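To keep things clear, I will list the structure first and then write my remarks on it.
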Number of protein chains: 2
Amino acid sequence: MEAALTLVGNGRHFASLGIREVTRQAEVVPTSFYRHFTNMDDLGLQLVDELAVVLRQMMREARSNVVQAEKLMDESVAIFITHVQANRNFFTFMAQGLAGESQAIQEGIRSEMQFFASELASDLRRLRLDEHLSDADLYMTCDLVVRTVAFSLTDILAVSPQDDEQLNRIRQQTTQFLRLIFVGADHWVSH
Amino acid sequence: MEAALTLVGNGRHFASLGIREVTRQAEVVPTSFYRHFTNMDDLGLQLVDELAVVLRQMMREARSNVVQAEKLMDESVAIFITHVQANRNFFTFMAQGLAGESQAIQEGIRSEMQFFASELASDLRRLRLDEHLSDADLYMTCDLVVRTVAFSLTDILAVSPQDDEQLNRIRQQTTQFLRLIFVGADHWVSH
DNA sequence: CCTCTATGTGCACAAGTGTTCACATCTTGT
DNA sequence: ACAAGATGTGAACACTTGTGCACATAGAGG
């Protein structure tokens with residue numbers, strides 16, 4: 001799995017990886033592959049499971065680090081970018097999987113994002129923000145937030161990890177997006 | 001190119017396609033491939049060029065069909081979904097390319113989206129909507145709109161083309177997203 | 001009509017691929 | 001210490017792959 005991630009991080013697309021290629025990178029004989037996975041899709045699915053762990057760690061850190069609502073967005077986005085940098089290959093795999101060729105992997109990532117959105121909604125409720133929103137409208141807002149951040153993933157991955165200037169631009173842009181969404185949520189009237 | 005699109009529409013990922021595979025689908029001998037392209041990346045780039053045409057057609061249709069600002073969003077989203085259905089393979093290719101393995105293809109699609117966003121900004125200016133927004137803020141809003149719609153692409157492509165119920169749900173959801181964004185834009189204060 | 005260019009073909013080759021099987025080795029619980 | 005299960009190995013197989021070459025054909029402009 002680590003070998004596959006390395007290849008993905010090296011510019012390859014997961015869908016184009018072969019068994020022999022992965023085992024070569026893992027410095028293991030091709031036959032060994034079958035001791036752990038039945039095919040590449042299987043490996044991908046297990047990667048999704050590990051991705052879930054990475055995302056939850058990130059969520060935990062965001063929860064404990066965000067103190068006041070004022071800087072909520074700036075800090076969350078900053079934490080997101082930090083985690084993407086620290087797990088670049090994982091997040092590359094995630095970005096690829098969103099439109100990948102395995103429907104199962106796609107669903108896995110998608111459901112992980114939904115989970116993230118509902119957790120975010122709970123958190124906002126707990127912080128007593130956006131109290132005028134119905135549950136459905138709050139969830140919709142969070143869904144849009146998660147999508148926006150997920151999309152900015154492709155921006156982050158497209159620039160070199162050392163290019164702090166560009167990263168800063170992306171960070172500000174993403175924060176602006178979220179700000180815009182929450183201004184919308186503040187003035188939202190259901191119907 | 002058509003053969004490649006067919007394979008992509010059949011569930012394959014563009015990055016995993018081989019020359020022989022494509023020529024087989026095109027009912028042509030592998031050697032013929034080299035008469036038109038130097039490698040698969042080259043083919044992909046030409047697909048991006050054609051994608052640009054498809055997108056511009058869609059934009060043109062949206063411009064001519066949207067009459068009053070009231071139903072602007074509903075109609076635009078509806079047109080988008082119609083075009084995705086009519087060019088499913090093209091849009092699947094686009095969704096894949098956003099996190100694909102060819103950096104050139106990625107940039108092509110990305111720049112196409114930017115172009116779309118700036119055209120949208122011009123249109124809104126022309127319709128005298130959101131006049132209180134600075135150019136930069138208006139562009140940011142349009143960028144977010146384009147990203148949101150692009151993301152909903154993955155939703156559309158994930159459901160069967162005949163599943164009208166799900167498609168309707170996606171249509172409504174996307175429209176809600178846009179509505180939320182524009183409510184935000186309405187109350188946006190620059191700083 | 002005839003030539004030139006674009007496109008398609010058949011064949012060949014070396015290299016890479018997924019998967020199998022029988023056999024070796026390591027790790028772990030008792 | 002030892003049995004058992006998990007993991008790794010090497011050789012082998014039938015295919016598929018990308019790409020090069022010499023040759024055929026078709027269509028268009030003079």
Side-chain angles (χ1 to χ4, degrees), chain A residues 1-54 89-90 92-93 96-97 99-109, chain B residues 1-53 89-90 92-93 96-97 99-108:
Chain A
M1 292 166 68
E2 198 178 319
L5 278 188
T6 303
L7 290 169
V8 162
N10 256 38
R12 304 291 315 280
H13 194 290
F14 182 78
S16 78
L17 297 183
I19 289 175
R20 286 187 114 102
E21 202 179 357
V22 172
T23 57
R24 199 181 309 129
Q25 171 75 30
E27 296 185 301
V28 143
V29 100
T31 341
S32 288
F33 180 89
Y34 296 100
R35 299 291 180 192
H36 307 272
F37 318 101
T38 69
N39 48 44
M40 283 300 289
D41 260 29
D42 187 18
L43 191 157
L45 281 178
Q46 298 197 216
L47 277 181
V48 172
D49 289 346
E50 276 206 17
L51 175 66
V53 176
V54 173
N89 300 353
F90 252 118
T92 307
F93 169 73
Q96 291 183 352
E101 82 177 357
S102 154
Q103 203 204 317
I105 292 178
Q106 213 169 130
E107 272 177 22
I109 294 177
Chain B
M1 292 166 69
E2 197 179 319
L5 278 188
T6 303
L7 290 169
V8 161
N10 256 38
R12 303 291 315 280
H13 194 290
F14 182 79
S16 77
L17 297 182
I19 289 176
R20 286 187 112 102
E21 202 179 357
V22 172
T23 57
R24 200 180 309 130
Q25 171 75 30
E27 296 185 300
V28 144
V29 102
T31 351
S32 287
F33 181 89
Y34 297 99
R35 298 291 180 190
H36 308 271
F37 318 100
T38 68
N39 49 43
M40 282 301 290
D41 260 29
D42 186 18
L43 192 157
L45 281 178
Q46 297 198 217
L47 276 181
V48 172
D49 289 346
E50 277 207 16
L51 175 66
V53 176
N89 299 354
F90 252 118
T92 307
F93 170 73
Q96 291 182 353
E101 80 177 359
S102 154
Q103 203 203 316
I105 292 178
Q106 214 169 129
E107 270 176 23

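Both backbone and side-chain heavy atoms feed into the values below; hydrogens, waters and symmetry mates do not. Letters go in sequence order (proteins before strands), and every chain restarts at 1. Small disclaimer: the values here were computed from a predicted structure and weren't measured.
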Which residues pass the ring-ring contact (aromatic ring centres under 6.0 Å, His included) test with A/Phe33, sequence neighbours left out? A/Phe37

Base C/dG16 to side chain A/Arg20, donor-acceptor N/O within 3.5 Å cut-off: no

Sugar-phosphate, base or nothing in reach of B/Phe33, heavy atoms under 4.0 Å: nothing

Could you list, one pair per line, each protein nitrogen or oxygen that sits under 3.5 Å from a nitrogen or oxygen of nucleotides 8-10 of chain D, together with the distance?
| from | atom 1 | to | atom 2 | distance (Å) |
| --- | --- | --- | --- | --- |
| D/dG8 | OP2 | A/His36 | NE2 | 2.7 |
| D/dG8 | N7 | A/Arg35 | NE | 3.1 |
| D/dG8 | O6 | A/Arg35 | NH2 | 2.1 |
| D/dT9 | OP2 | A/Val29 | N | 3.3 |
| D/dG10 | O6 | A/Thr31 | OG1 | 2.7 |

If the cut-off is 4.0 Å, is A/Tyr34 near the phosphate of C/dT20, judged by side-chain N/O to OP1 or OP2? no

Partners of B/Gln103 by side chain to side chain donor-acceptor pair (under 3.5 Å), sequence neighbours excluded? B/Glu107

Determine to 10° how strongly the helix from C/dC1-D/dG30 to C/dT30-D/dA1 is bent, judged from the axes of its five-pair ends. 30°

Contact check, residues 7-15 of chain A vs DNA chain D, heavy-atom distance under 4.0 Å, returns none

I'd like to check the side-chain contact (heavy atoms from CB on, under 4.5 Å) partners of B/Thr31; sequence neighbours left out, ordered by chain and number. B/Val29

By the salt bridge (charged side-chain N to carboxylate O under 4.0 Å, His left out) test, which pairs, at least two apart or in different chains, include something from residues 42-51 of chain B? none

Decide if atom CD of B/Gln46 counts as having more than 12 heavy atoms of other residues, nucleotides or ligands within a radius under 6.0 Å. yes

Option among A/Leu7, A/Leu5, A/Leu47 that satisfies the side chain to side chain contact (heavy atoms under 4.5 Å, CB included) test with A/Phe14: A/Leu47

Could you tell me how far apart A/Met40 (CE) and C/dT17 (P) are, to the nearest whole angstrom? 12 Å

Throw together a table of side-chain donor-acceptor distances under 3.5 angstrom for residues 16-25 of chain B, partners on residues two or more places apart or in other chains.
| from | atom 1 | to | atom 2 | distance (Å) |
| --- | --- | --- | --- | --- |
| B/Ser16 | OG | A/Glu101 | OE1 | 3.3 |
| B/Ser16 | OG | B/Arg12 | NH2 | 2.8 |
| B/Ser16 | OG | B/His13 | O | 2.9 |
| B/Glu21 | OE1 | B/Gly18 | N | 3.2 |
| B/Glu21 | OE2 | B/Arg12 | NH1 | 2.1 |
| B/Thr23 | OG1 | B/Ile19 | O | 3.2 |
| B/Thr23 | OG1 | B/Arg20 | O | 2.9 |

Below 3.5 Å between N/O atoms, which protein atoms pair up with nucleotides 4-6 of chain C? Just atom names and distances, please.
none

